[in-house]
Structures are given as C-alpha cells and as structure tokens.
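What follows is a set of notes on a single structure, which appears directly below.
Throughout, a chain's letter reflects where its sequence line sits, starting with A, and its residues are numbered from 1.
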Protein chains: 2
Amino acid sequence: MRIVVADCSVSYQGRLTARLDRAVRVLMVKADGSVLIHSDGGSYKPLNWMSPPCWLTVTHTEPDEQTWIVENKAKEVLTITVHQVHGELAHDLGVDPGLVKDGVEAHLQELLALHVGALGEGWTLVRREYPTAIGPVDLLCKDGTGASVAVEIKRRGEIDGVEQLTRYLELLNRDPLLAPVAGVLAAQEIKPQARTLAEDRGIRCLVLDYQALKGADDPSLRLF
Amino acid sequence: MRIVVADCSVSYQGRLTARLDRAVRVLMVKADGSVLIHSDGGSYKPLNWMSPPCWLTVTHTEPDEQTWIVENKAKEVLTITVHQVHGELAHDLGVDPGLVKDGVEAHLQELLALHVGALGEGWTLVRREYPTAIGPVDLLCKDGTGASVAVEIKRRGEIDGVEQLTRYLELLNRDPLLAPVAGVLAAQEIKPQARTLAEDRGIRCLVLDYQALKGADDPSLRLF
DNA sequence: CCGTAAATGTCGTCG
DNA sequence: CGACGACGTTTACGG
C-alpha cells in the first residue's frame, strides 16, 4: 500500500468518460495495482478509481510532473497527472483476516428456516431457495392445513420485495400441484408503502425480531 | 484528511454487527469526521467505515493503545482499537472541484428517438418522455398500423425495467384514446430473467446496438 | 466462469 | 425529508 497526497488532475475513459480538474487529493495505490482517488469528503466511494486486476505505469513527462496510467483488460484507462507531491506514506500491510459479519439476510433466512413454526402453528418447511423459472423463492412452506405459502425474507421490506414475491406467487399459482399459494413478506422492518401494497395483494406482512430468532431456544420467542 | 497506518482491531454495531480481527490497516479520517478502514486489496469499498455526519472521539485506554469511537445520529458505532501506529500523514485538502461526467445513458434515448424506424417498418414517434401519472415513458410510438407502443429504454434490461414498463402499460391502457398499447423493452443487453418475464407479459424485447445506432446514417443499420 | 440477488449499498433527482 | 432509479454499482453465492 502506497499513499500519496498530491496536486493532480485525473481522467477516466471506460464505461463512461469523466474528469477531475486539478486539486490536492489522496491517491491510494494498493498492492494489487488498484488505485483510489479520495477527496476530503463524500462517503467511502472515491472520486475516481480503477479496480483490480489492473496495471499501473508511471512516466515522467516533465522533470516535476508524473503521469500515472492505470489500465485493465477491458481497455478502461485511468490517467492521473501528478503536478506536485505534498506527502507520501508506504507500508506493506499483508493479507487481511477480513470482515466477519452477522445479521444479514442470509442469517435471517437460515434462522427462519430452522424455526418455521414461528410463522404459524403447525407450519413446516418444504424447502429453502425453492426454484421457479424466474429465480428461487426464499422459503416454501406448508401451513397447518397443508396449504402452500411462499415466504420472501428481507432485511428491510420495501416495494421491490413485494413485487418480487408477487412474481413468484403468480408463477407458483400456475402449478396445480401447489396452488393456491399464499404469500408472506418477512422482514426486520417493513416500510408503510410496502405494507400497503402487500396487504392490497393479500400478502401477509411479518416483522422479524432477529434477536428473538437468534435466542430461539428461548420459548418466549416473540414474533408477533 | 489524516491517514494512519496502524495495527488495529475494529467492531461495528449498527445496521448489522461486524468485526475485524487485529491486523495492520490504513485508517483514513476525513475532514467531516468520517472514517474508512482499508486493507491492501479488494476494490474501492473499505473493509469497514462510518459515513458522515458522524463524530470521532479518541481515548487512551492504555499508554500505548488508543480507542477511536465513531458514532452517528442513528446510534451506529464504529470502534477502532489502535494497538500500534506504523505511519501517519495529514494534510488539508480543501474542497474538491468534483467529478465531471459525460453520460452515455441519455444518448441511447436520443438516438432511438431519432431513428424510431429501427423499431419496426413505418413506426413513428409520438413523443419522448410521454407523461403518465407515475412518471414519463421513455418513448411513445405508433407502429405501422397506427397502434400505440410504449418503449422503455435501458442500458441493461433487468426485471426492474420490465416492472416499470408494466406499470406504465397498465396506466396507458386505461386511456381509451391510446388503448391498446403494446410494450417494448429496448436495451443494449437483456438479462434472461427479464426476457422471460417480459415475454410472459407480452412485452417485446429488443437488443440495441449502440454502435449501429450511432452510425445510423449508414443504411445497413441492423437491430434485429 | 456466468448469472442473480443483496448491500451498513451510495448518489443523484424530484416531489 | 423520503421515495425512486441509476450506478464505471460492488460483492457474495450458487450452478
């Protein structure tokens, strides 16, 4: 990793054409050759960048000026003209152990698959990732009466999730072995608009309590 | 902007729970208090971060150890334990003039509006950005027989685009002066799932050749 | 390797 | 401020 604070101009030619006029910025060159150009604001997204795999070539066009050219296989080119270097720092970081996450959608699905009874009395799991022509349904279940229910799981329930589930339901209901198939949108948080649309379409909304699901050995599990 | 190369451990509690075990990383502290934690690989996305607006507090828990706590309004907390500092660099960058983009996206609509004949024999343009209650349709056309056709243009045709066009068609078909209105999804690339859904709904899929449209003076223009 | 869905998405625009 | 769509989306996961 090499970090350079420099007065620079930048141009990018690739999926679009973009340019950064001359200013002082931070250039981050990673071990794999990728380059990030950061300003002193915005969010984590750099002003401009080149992702690996890519190759950096530095040339001195003038005594006090460098030109960095970063290219990749797809012929995208990031060109950085370094007018003046204000600071520099380099260090070998080695390989990172990586981020360990907890609480994403996959975990919710896992937990709910394990405790499908939380959806209703006597419910059973048919399978996770039940395949359809347009993609897999998160959970396909049978309710207490043996009727099919498709469950779509989201961290946040929004319009998109309702649309997604609606598409699945439309397809599943064409299968005479399954039909009629009801729908449940399960999420840690459900936006009012999504709830309105879902209920309008006869889809049940269920707010999940992740903590309660995790502590599901606890019989005081509360989902409703 | 302040950059610190440090041996550190990190934890994040907020929309999810995540943790980074001890390793040497680059900590970038921006003028607005936001913090990025980068490793020597991956892409432009940091391993972990806190976006502005947020506030950084540094405490010395032990003589040779700092604890950085970054919090925001939503009570999300990023905690960085700095075990050892290997390098440091600070510089005032000032305000950046920002990225200037030259979009390609709008061009596609422009080009197709000019050469609407490419959609079919005898087609004519009614108008671009034809207004509906839920937003403008990219193109409204008449085909060779005088029937209405709504055209949705995307760089990449995905499910979302089909849903969008479906909503437009539903509205447009309520207008007795227009109905029946057919639909065309036109994109440089159409995903199989989107194609399946579109055709299921009677929406025609059309793959656009940007180069051919650009060289549209050339009578050998081929879209099909 | 390709395709699809998730994301602490981020970022603009528009109501 | 919230909703919606685009993004050089990026990233992870499954066939």
Q | Euclidean distance, atom CD of residue A/E158 to atom P of C/dA5 [Å, nearest integer] | A | 16 Å
Q. Under 4.0 Å between a side-chain N/O of B/Q164 and OP1 or OP2 of D/dC4, yes or no?
A. no
**Q.** Atom of B/V137, atom of B/V151 and distance for their closest heavy-atom approach
**A.** CG1-O, 3.9 Å
Q: Give one of base, sugar-phosphate or nothing for A/L78, where a contact means two heavy atoms less than 4.0 Å apart.
A: nothing
Q.
Below the 4.0 Å mark, does D/dT10 have OP1 or OP2 next to a side-chain nitrogen or oxygen of A/R15?
A. yes
Q: Take atom NZ of A/K101 and atom P of D/dT11, then tell me their distance rounded to the nearest Å.
A: 10 Å
Q: Give the rounded distance in Å between these two atoms: CG of A/D102 and C1' of C/dA6.
A: 16 Å
Q. Can B/E189 and B/K191 be counted as an ion pair, charged N to O under 4.0 angstrom?
A. yes
Q.
Starting the side chain at C-beta, find the nucleotide from D/dG5, C/dT10, D/dT11 nearest to B/S43.
A. D/dT11
Q: Would you check if A/R15 and B/R155 make a side-chain contact, meaning some heavy-atom pair closer than 4.5 Å?
A: no
(Q) Quick check: do B/C141 and B/L119 have side-chain heavy atoms less than 4.5 Å from each other? (A) yes
Q: Considering just the side-chain nitrogens and oxygens of A/K154, establish if one lies under 4.0 Å of OP1 or OP2 belonging to C/dA6.
A: yes
Q: Tell me which nucleotide among D/dT10, C/dA5, D/dT9 gets nearest to the side chain of B/K45.
A: D/dT10
Q | Proximal nucleotide (of C/dA6, D/dT10, D/dA6) relative to the B/Y44 side chain | A | D/dT10
Q | Heavy-atom check, side chain of A/I37 versus side chain of A/L78, under 4.5 Å | A | yes
Q | Phosphate OP1/OP2 of D/dT9 contacted by A/W49 side-chain N/O (<4.0 Å) | A | no
Q. What is the distance from CD of A/E189 to C1' of D/dA3, rounded to the nearest Å?
A. 14 Å
Q: May I have the distance from A/E105 (atom CD) to C/dA5 (atom C1'), rounded to whole angstrom?
A: 8 Å
Q. Can you tell me if the side-chain N/O atoms of B/R167 get under 4.0 Å from OP1 or OP2 in D/dG5?
A. yes
Q | Note: A/E163-A/R167 ion pair, threshold 4.0 Å (strictly below) | A | no
**Q.** Whichever of A/M50 and A/I159 has its nearest DNA chain D nucleotide further upstream toward 5'
**A.** A/I159
Q | Nearest-angstrom distance from the residue atom CD of A/Q109 to C1' of C/dA5 | A | 11 Å
Q: Compare the minimum distances between each of C/dG3, C/dA5, D/dT9 and the side chain of B/P192, then state the nucleotide with the smallest one.
A: C/dG3
(Q) Nearest heavy atom decides the nucleotide; on that basis, is B/S51 or B/K191 closer to the 5' end of DNA chain C? (A) B/K191
Q.
Taking 4.0 Å as the cut-off, does a side-chain nitrogen or oxygen of A/R156 come that near to OP1 or OP2 on D/dA3?
A. no
Q. How many Å lie between CZ on A/R195 and C1' on D/dG2, as a whole number?
A. 18 Å
(Q) In this structure, how many angstroms lie between the C1' atom of C/dA7 and the CG atom of A/L108, rounded? (A) 14 Å
